Structure formats: structure tokens, C-alpha cells
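These numbers come from the heavy atoms of this one structure, side chains and all, not from hydrogens, waters or symmetry mates. We count ligands from 1, going down the list as the structure has it; atoms in each ligand are counted the same way. From a predicted model like this one, the values you see are computed outputs, not experimental measurements. Residue numbers count from 1 along this sequence.
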Amino acid sequence: MVAVPNIKLSSGYDMPQVGLGLWKVENEIAPDVVYNAIKAGYRLFDGACDYGNEVECGQGVARAIKEGIVKREELFIVSKLWNTFHDAERVEPIVRKQLADWGVDYFDLYLIHFPIALEYVDPSVRYPPSWFYDGDKEIRLSKATIQQTWTALEALVPAGLARSIGVSNFQAQLLYDVLRYAKIRPATLQIEHHPYLVQQELLNLCKAEGIAVTAYSSFGPASFQEFDMEHATKLTPLMETDAIKSIAAKHGKATSQVLLRWATQRGLAIIPKSTRVDYLEANLAVTDFDLTADEIAQISSLNKGIRFNQPSNYFPTELLWIFG
Ligand code: NAD
């Protein structure tokens, strides 16, 4: 089993550099996927209210703990605050629900999922609430500021509900905003990151500010083809580009592993998603070989500044004025 390195967070805790992403892991198989991943050596799990599978993922964790494969304190469980819970008074109650869903009493890391505040939807009405107030197409914004939401996240730490807190899908301007008033600084920033979206300046800022960066959608368009996005279907899949194929052949590695090694060698944590045991194993073994500086530069030069995971790629045209 490959030993996964840790990244030291500003909170003082260690975060495994490689974990398993849980977006789109179907409910029926989620307990087995998480259980098998723990057996394969995964310790970090990247969940969220919005993924709608926290109960089932928690069942996988419970089984592994019950069988003595792992202890709770050896795991690093990440979850995220959905957009409809940004109002300060909504934060702690929803975190308590999410913890109950997972069957644990603290999160290792809890993130603001998007810098977008939507009006509250009670979990008894619809859970997860998703984007639309009426469950169809009505967008209702909340007036909660990022400062109010961040302050509510900070309160989770002394309450023992989250060990570290962070943000996701924030750009430099919003990070600067949070850093102005944060009493607890964001330990991590989770962003879409792949060779078509390299974001070197944002990584430089995070390094300077001591914020660890986690890459999501490391395989680029692969995760977005099912949404029939124009860019995602027309671009060459990253695993099929000549550059990645020839580097992979040189190292005797899979193209997927080259993509993940490019990210880990740049200092990022990664959370590739897979439900297949062979992929789970391959994706974990991406810190024990080294690309050359030239190879890293060659991969970075594939950059096109293309972001797939933005509301304008999912929403009908008449709603685009809201989120651009
Ligand atoms: P990904 O890039 O990790 O995976 C895309 C697809 O690649 C998967 O569906 C899988 O079928 C395939 N794949 C995985 N391993 C492979 C391998 N070894 N060989 C060939 N194909 C392989 O996509 P993702 O799920 O979008 O991102 C990873 C995780 O990041 C998510 O599951 C989620 O936890 C997180 N995420 C967070 C946000 C956010 O807004 N914070 C957004 C998207 C994803």
C-alpha cells in the first residue's frame, strides 16, 4: 500500500494529500465504495450536503471502523456548507445534521462550498436543496455576506464540530476579503484545477498566505461530459492528449496517474473520484514517482483557462444574469 504524504494545515492538523471525491457516487453503492476505499488505503473523504450521499458514505465508514480496519481519528472527513445555509443562524444546525448523517461527531475540515448565498430551504422540505428555491427554476438569493458565513464557520471550531475550516470556489479577491476579518484563517481552498485550468497566480497567493490548495476535477472535462457542456465534449480528453500520453509511456504509468502526479508535485492535494477498485488503487499511487521540471512545464502549457464547474454552465439562459 502506498504511503500517502500529509500536508500540514495552518490549523495545525495534517491533511492527507490524496483522498476520494464523493460527488456523483450513487447512493446504492456509496457504502461499498467508501468501505473499499478505506481498505485500499484512503483516509480522506471529500463529501458535501449537495452530493446527497452523506448517510451512505457514513455507513461505509461505520463498517470499516466496526471491522477494526481503521479508527475514526485516522480518517479525515471533509464536508461542505451548501449555498442555502449561508445565513449565520443556519450554519450550526445544518452541520449537526450533516455530522449525524455521517455518524461522526466532528468534521476534519468543513468548507463553504460556493461564495453564493441562497435563501434557506428547510431540510424537511427538500434535502439536499440544490440550486432552486422551488426545486425547479426559481433562484432566490440570500443577503448573507461572506463575513457573516465565515464568522459562523469559525464558531464550529471551539464548539468541536470542525477541526479545520476553509473555502471552495473562491478567487483571489474573495480570499483577500476573508483574510481581512478572519480570526481563524481558511486552512484550505478547494478549486477546479487541471491542465486546462492551471491558475498559477491563485496558487502563488495561497502559498504566500499559507492556505493549502485541494484540486478537484483533476481529469478536467471527464467529469462534465455527462452534462453535455460544449467545451467538455469538444475538447480532447486530457488522458488522450499527446503530451500526457507520451509522458505516461516514458514513466510506465497510466495517463490518469500523470495528471494526478502533476498536481501533487505542484504541492496540491487531490481528491479524484472513482467507484472502481482498480481506479481507486491507481489514483492513490501518485506520489511515488517524479515528473521532471520540463514535463511539469509541458503539462502546464496545455492551459486554456477553461472552467467547467460554474453556474453559467448548468443554468438556463434566462438565469445567467444572476451568476454570469
Ligand atoms: P474527477 O476528475 O476526479 O473524475 C472524473 C471521472 O474520471 C470520474 O467520474 C471517473 O469515472 C474517471 N476516473 C477516475 N479515476 C480514473 C482513472 N484512474 N482512469 C480513468 N478514469 C478515471 O472528477 P470530479 O468528481 O469532478 O472531482 C473529484 C472530486 O472533487 C468530486 O468527487 C468532489 O468530491 C470534488 N468536487 C468539488 C467541487 C466543489 O465545488 N468544491 C466540484 C467538483 C468536484
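Distances from atom 10 (C) of ligand 1 to the heavy atoms of K80, K273, Q190, H193 put K273 nearest. The closest non-hydrogen atom to atom 36 (N) of ligand 1, taken over F114, W23, Y51, comes from Y51. Heavy-atom proximity to atom 4 (O) of ligand 1, evaluated over F308, F219, F224, is greatest for F219. Comparing P237, S256, A222 against atom 6 (C) of ligand 1, the shortest heavy-atom distance belongs to A222. Of the listed residues (S223, S168, P272), the one carrying the non-hydrogen atom nearest atom 23 (O) of ligand 1 is S223.
In summary, D46 and K80 engage in a salt bridge, as defined by a charged side-chain N under 4.0 Å from a carboxylate O. Contact check on R72 versus D108 returns a salt bridge, with a Lys/Arg side-chain nitrogen under 4.0 Å from an Asp/Glu carboxylate oxygen. A salt bridge links R63 with D32: the closest approach of a Lys/Arg side-chain nitrogen to an acidic carboxylate oxygen falls below 4.0 angstrom.
Between N283 and ligand 1, an N or O atom pair is found at a separation short of 3.5 Å. Checked by distance only, ligand 1 and S217 come closer than 3.5 Å through their nitrogen or oxygen atoms. Of the polar atoms of M239, none of the N or O atoms is found under 3.5 Å from an N or O of ligand 1, judged by distance alone.
Geometrically, R163 does not engage F107 in a cation-pi contact, judged by NZ or CZ lying under 6.0 Å from the ring centre and within 45° of the ring axis. Note that R90 lies in the cation-pi zone of Y120, set by a 6.0 Å cut-off to the ring centre and a 45° limit from the axis.
Contact annotation: for N309 versus ligand 1, heavy atoms closer than 4.0 Å belong to the side chain alone.
For atom 29 (C) of ligand 1, the closest non-hydrogen atom on the protein side is I271 O, 3.2 Å. Of all protein heavy atoms, the one lying nearest to atom 16 (C) of ligand 1 is Y279 CD1, 3.4 Å. Regarding atom 43 (C) of ligand 1, its nearest protein heavy-atom neighbour is Y216 CD1, 3.1 Å. Nearest protein heavy-atom contact of atom 40 (O) of ligand 1 is N169 ND2, 2.8 Å.
Listed by number with element, the atoms of ligand 1 under 4.0 Å from a non-hydrogen atom of H113 are 39 (C), 40 (O), 41 (N). Listed by number with element, the atoms of ligand 1 under 4.0 angstrom from any heavy atom of G21 are 29 (C), 31 (C), 32 (O), 34 (O). Near D46, with a cut-off below 4.0 Å to any heavy atom, the atoms of ligand 1 are 33 (C), 34 (O), 35 (C). For ligand 1, the atoms sitting less than 4.0 Å from at least one non-hydrogen atom of S218 are 2 (O), numbered in the order shown with element in parentheses.
One side chain, E54 or S79, offers a donor N or O that lies under 3.5 Å from an acceptor on the other. A donor atom on one side chain and an acceptor atom on the other are found under 3.5 Å apart for E67 and Y35. Residues R180 and Q147 bring no donor and acceptor atom of their side chains to less than 3.5 Å of each other.
No side-chain heavy atom of L20 sits under 4.5 Å from any side-chain heavy atom of I271. You'll find the side chain of E201 stays beyond 4.5 Å of the side chain of L205, heavy atoms only.
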